[in-house]
Number of protein chains: 2
Amino acid sequence: MREKYNCPVEITVEVLGGKWKTRILWELSQKNYYFSELRRAIPDITKKMLVQCLRELEESGLVARKEESGKIIRVEYKLSQYGENTIPLINYMSKWGMDHLYFQRETEKSS
Amino acid sequence: MREKYNCPVEITVEVLGGKWKTRILWELSQKNYYFSELRRAIPDITKKMLVQCLRELEESGLVARKEESGKIIRVEYKLSQYGENTIPLINYMSKWGMDHLYFQRETEKSS
DNA sequence: CGGAATCCTCTTCGATACTG
DNA sequence: CAGTATCGAAGAGGATTCCG
């Protein structure tokens, strides 16, 4: 986090910006995921980016990581309690995206 | 716009993503701006990026551009009627950013 | 004033290989 | 299974110059 922001949306862009973070949060808003499940849910993300984004979301306090040690190690990811505050925002972004897609399709037709 | 999306937030990221677009929309949600005013309102953006982002927001149908021809050319930018639909989203992102800043400051204290 | 056009840098992201 | 570590490509963004 920087020291000074001219506008609060800059903070949001800094924390949730980039290609993948909102997508990951959207998945985690549906249910908890093991790492490998999350990869299957987002097939086009690379392992590296998934790890990297999850780490950064964890650092931001939005995502909680739980290691299940056994013969095979599984790691569960879920929204932290605080992270659940992002759900309305993610839902809003999701709705806006769908509406915008519809708008685009309509304006294409009439051109 | 692509053809296929796995998740609606991808659309939103594609249209509003990047460092500047939400910031510009936030300014335009406050009032209409002449180009030069907008530059002063967002001092850290370069002229190139401002022009580029405004063009893309125009193409997306969110921003309207009005040229005032006179001795000196002035161009007014404002949200299009459709673009006003982004205001609630921008406000939500703004509120989330402020809340998150507060959260970060608090968790820093206790560490 | 409001751009367009280059050129260049830096970050983001992807591909691949390796590890406990 | 859930990661690290490197390397390289691509694209976003910045600095500068020129234009009507």
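Numbers restart at 1 for each chain; the letters A, B, ... are given by sequence-line order, proteins then strands. Note: hydrogens, waters and symmetry copies are ignored here, and every other heavy atom, side chains too, is used.
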What's the [atom1]-[atom2] distance between [X] and [N], to the nearest Å?
| X | N | atom1 | atom2 | result |
| --- | --- | --- | --- | --- |
| A/Lys71 | D/dA2 | NZ | C1' | 17 Å |
| B/Leu50 | C/dA4 | CG | P | 12 Å |
| A/Arg39 | C/dA15 | CZ | C1' | 12 Å |
| A/Leu54 | D/dG3 | CG | P | 8 Å |
| A/Gln52 | D/dA5 | CD | C1' | 12 Å |
| A/Lys47 | C/dC18 | NZ | C1' | 10 Å |
| A/Met49 | C/dT12 | CE | P | 9 Å |
| A/Glu14 | D/dA12 | CD | C1' | 17 Å |

Of the options [options], whose atoms approach the side-chain atoms of [X] most closely?
| X | options | result |
| --- | --- | --- |
| A/Trp20 | C/dG14, C/dG2, D/dA2 | C/dG14 |
| A/Arg74 | D/dA2, D/dG14, C/dG2 | D/dA2 |
| A/Arg65 | D/dG3, C/dG20, D/dG13 | D/dG3 |

Is the distance from OP1 or OP2 of [N] to the nearest side-chain N or O of [X] less than 4.0 Å?
| X | N | result |
| --- | --- | --- |
| B/Tyr34 | C/dG3 | no |
| B/Tyr77 | C/dC1 | no |
| A/Arg55 | D/dG3 | yes |

With a 4.0 Å cut-off on N to O distance, would you call A/Arg23 and A/Glu27 a salt bridge?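 A/Glu27 and A/Arg23: salt-bridged.
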
Salt bridge or not between B/Glu37 and B/Lys31? Use side-chain N to carboxylate O under 4.0 Å.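 Yes, this pair counts.
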
Polar side chain donor-acceptor pair, A/Glu58 to A/Tyr77, under 3.5 angstrom: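 A/Tyr77 and A/Glu58 do not have a side-chain donor-acceptor pair below 3.5 Å.
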
With DNA chain C as reference, determine whether A/Ile45 or A/Ile73 sits nearer its 5' end, using the nearest nucleotide of each.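 Counting from the 5' end, the first nearest nucleotide belongs to A/Ile45.
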
Please state whether the base of D/dG13 and the side chain of B/Lys19 form at least one donor-acceptor pair under 3.5 Å?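 When only heavy-atom distances are counted, B/Lys19 does not reach the base of D/dG13 through any donor-acceptor pair under 3.5 Å.
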
Report yes if a donor N or O on one partner sits less than 3.5 Å from an acceptor N or O on the other, where the partners are the side chain of B/Lys48 and the base of C/dG3; otherwise report no.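 In this structure, the two groups form no donor-acceptor pair.
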
From CA spacing to verdict: side-chain contact (heavy atoms from CB on, under 4.5 Å), B/Ile24, B/Leu57: CA-CA 9 Å; B/Ile24 293 170; B/Leu57 290 170; 4.0 Å; yes

Looking only at non-hydrogen atoms, find the nearest pair between B/Phe103 and A/Gly61 and report the distance.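 Minimum heavy-atom contact is CE2-CA, 4.5 Å.
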
